[in-house]
Amino acid sequence: MLFEEEKAKRLLYYGSTIDTVRQLLGDLRVIEERTYKYAQIRIFSRMTLSMCEILVLASNGYPNGAFSLSRQVYEGLVIMDYLRENSCDENLIERFFDSSSISSLRLLRQAKADGRQSTQIEDQQLEEYSKKYSCFCDSKGRLRDYWWAGKDFSFTKLSNQTRFKSNYMYKYACEITHMSFLNSFLHLGNNENDILIGQSEEGYNTPLWFAMICFADAMNIFSEVI
């Protein structure tokens with residue numbers, strides 16, 4: 001009974017915090033433009049959606065799924081902090097928005113290729129971006145996932161340039177996310193090593209705790225933005 005009461009209190013706290021932020025975002029006047037402010041609004045809004053999804057999964061007995069999503073919140077925090085540290089670099093902001101366009105073109109090209117349609121337009125546009133940002137390409141002429149932050153940047157390298165270096169909890173969340181033999185054994189709150197194929201009453205607090213810590217730091221950055 002005490003466990004259920006404590007769980008209900010914690011879930012209510014997390015839920016009320018997220019709802020307060022959602023209300024703030026709903027009242028915010030957003031101008032779509034290639035600026036530092038707009039970039040931060042979009043990232044933080046996506047993190048808020050992730051928090052909603054985490055709360056739903058954790059409160060309904062799926063802590064592993066919630067923990068997997070908590071990794072998105074941490075990654076969003078790292079990106080927000082990196083942009084904050086380099087907010088005066090207009091070229092960085094332009095690259096950040098162009099990276100989104102490049103990713104969209106890659107997805108569209110792959111979809112067309114799978115459907116055996118011509119990808120000539122996407123190929124040409126991607127080639128133009130590669131020429132524009134040739135100094136950020138790797139040895140094979142490719143723009144990697146975090147190229148916008150610097151040549152040969154990985155997420156680990158990106159996080160090391162911020163106040164929020166990757167830690168044990170993030171690495172644990174990665175193990176929960178990616179399917180492997182180890183992943184088939186990792187169940188939050190399951191000390192008996194049972195094979196779970198459904199809901200669990202245990203482990204709900206771990207993903208919420210990790211996500212909320214990251215979200216709180218992101219809220220501090222966002223408060224500076226607005």
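A distance of 5.0 Å separates CG in L55 from CD1 in I18, rounded to the nearest 0.5 Å. To the nearest 0.5 Å, atom NZ of residue K151 and atom CG of residue L143 are 11.0 Å apart. Rounding to the nearest 0.5 Å gives a distance of 5.0 Å between CZ of F222 and CD1 of I41. Of the inter-residue distances, the one linking F210 atom CZ with M169 atom CE reads 5.5 Å to the nearest 0.5 angstrom. Atom OG1 of residue T17 and atom CG of residue L12 lie 9.0 Å apart, to the nearest 0.5 angstrom. Atom CZ of F215 and atom CE of M219 lie 5.5 Å apart (nearest 0.5 Å).
Enclosure of atom CD in Q120 is not indicated, since only 12 or fewer non-hydrogen atoms of other residues, nucleotides or ligands lie within 6.0 angstrom. Residue-environment remark: CD (E90) stays at or below the threshold of 12 foreign heavy atoms within 6.0 Å.
The residues E75 and R71 are annotated as salt-bridged, a charged nitrogen and a carboxylate oxygen being separated by less than 4.0 angstrom. The pair K132-E127 does not count as a salt bridge, with every side-chain nitrogen at least 4.0 angstrom from each carboxylate oxygen. Under the 4.0 Å criterion applied to side-chain N and carboxylate O atoms, K157 and D152 are not assigned as salt-bridge partners. Using a cut-off of 4.0 Å between Lys/Arg side-chain N and Asp/Glu carboxylate O, D123 and R109 are scored as salt-bridged. Under a 4.0 Å N-O distance rule, the pair R22/D19 qualifies as a salt bridge. Taking the charged nitrogens against the carboxylate oxygens, E6 and R10 do have a contact shorter than 4.0 Å, which makes a salt bridge. In this structure, E122 pairs ionically with K112, as a charged nitrogen and a carboxylate oxygen lie closer than 4.0 Å.
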Run the numbers on F67 and Y172 for side-chain contact (heavy atoms from CB on, under 4.5 Å), then give the verdict. CA-CA 9 Å; F67 198 30; Y172 189 13; 3.6 Å; yes
Would Y82 and L92 count as a side-chain contact (heavy atoms from CB on, under 4.5 Å) if you check the C-alpha gap in whole Å, the side-chain angles of each, and the deciding distance to 0.1 Å? CA-CA 10 Å; Y82 187 84; L92 171 67; 4.0 Å; yes
Step by step, would you call D81 with R84 a salt bridge (charged side-chain N to carboxylate O under 4.0 Å, His left out)? CA-CA 5 Å; D81 196 53; R84 183 192 66 82; 3.0 Å; yes
CA sep, side-chain torsions, deciding dist, call: N220, E224, side chain to side chain donor-acceptor pair (under 3.5 Å): CA-CA 7 Å; N220 290 331; E224 297 173 5; over 6 Å; no
Please determine whether side-chain contact (heavy atoms from CB on, under 4.5 Å) holds for the pair I31 and Y38, giving the CA-CA distance in whole Å, both sets of side-chain angles, and the decisive distance to 0.1 Å. CA-CA 7 Å; I31 300 176; Y38 183 61; over 6 Å; no
Between R95 and I102, does the side-chain contact (heavy atoms from CB on, under 4.5 Å) criterion hold? Intermediate values first, please. CA-CA 10 Å; R95 293 196 304 270; I102 291 171; over 6 Å; no
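By the 4.5 Å heavy-atom criterion applied to side chains, T162 and I79 are not counted as neighbours. Put simply, the side chain of R106 reaches to within 4.5 Å of the side chain of L126, judged on heavy atoms. Between L69 and M51, the closest side-chain pair of non-hydrogen atoms is not below 4.5 Å. Here the side chains of S101 and Y129 are in contact, with some heavy-atom distance below 4.5 Å. Residues Y14 and N205 have side chains in contact (heavy-atom distance under 4.5 Å, counting atoms from C-beta outward). The shortest side-chain heavy-atom distance between D89 and E94 does not fall under the 4.5 Å cut-off. Side chains of E175 and L186 form a contact here, defined as non-hydrogen atoms less than 4.5 Å apart. The shortest distance between side-chain heavy atoms of W148 and F97 does not fall below 4.5 Å.
Tracing side-chain contacts under 4.5 Å through hydrophobic residues (I, L, V, M, F, W, Y), one never reaches V56 starting from L208; they form parts of separate clusters. Cluster annotation: L28 and I221 are assigned to the same hydrophobic cluster (Ile/Leu/Val/Met/Phe/Trp/Tyr, side-chain heavy-atom contacts under 4.5 Å, transitive). Both Y13 and I213 sit in one connected hydrophobic cluster of ILVMFWY residues. Membership requires side-chain heavy atoms under 4.5 Å apart, directly or through other members. Linking ILVMFWY residues whenever their side-chain heavy atoms come closer than 4.5 Å, directly or via other members, places F164 and Y168 in the same cluster. There is a path of hydrophobic side-chain contacts, each under 4.5 Å, that joins I43 to L24.
When atom types are taken as modelled, the side chain of T48 and the backbone of F44 share a donor-acceptor pair closer than 3.5 angstrom. At least one donor-acceptor pair under 3.5 Å links the side chain of D138 to the backbone N or O of G141. Counting only distance, with no hydrogens or angles, the side chain of S68 and the backbone of N64 share no donor-acceptor pair below 3.5 Å. Without hydrogens or angle criteria, E85 side chain to Q161 main chain gives no donor-acceptor distance under 3.5 Å.
Judged purely by distance below 3.5 Å, without hydrogens or angles, the side chains of S50 and R46 pair a donor atom with an acceptor atom. Using modelled atom types, one finds a donor on one side chain and an acceptor on the other under 3.5 Å when comparing D114 with Q110. Using modelled atom types and a 3.5 Å distance limit, the side chains of Y36 and Q40 yield a donor-acceptor pair.
Of all heavy-atom pairs spanning L83 and A39, the tightest one is CD1-CB, 4.3 Å. Residue A66 comes nearest to L57 through the heavy atom pair N-CD1, 3.8 Å, listed as atom of the first residue, atom of the second, then distance. Closest approach of S166 and T156 over heavy atoms only: OG-CG2, 4.4 Å. Closest heavy-atom contact between L11 and S59: CD1-CB, 3.6 Å. Nearest approach of Y74 to K165, heavy atoms of both residues: OH-C, 3.0 Å. Nearest heavy-atom pair across A173 and S70 is CB-OG, 4.3 Å.
F155 and Y146 have tilted rings, their planes meeting at an angle from 30° to 60° on a 0 to 90° scale.
Taking the ring centroids of F153 and W147, they lie at or beyond the 6.0 Å cut-off.
Considering L196, I176, I195 in turn, L196 is the only one that fulfils the side chain to side chain contact (heavy atoms under 4.5 Å, CB included) rule with H187.
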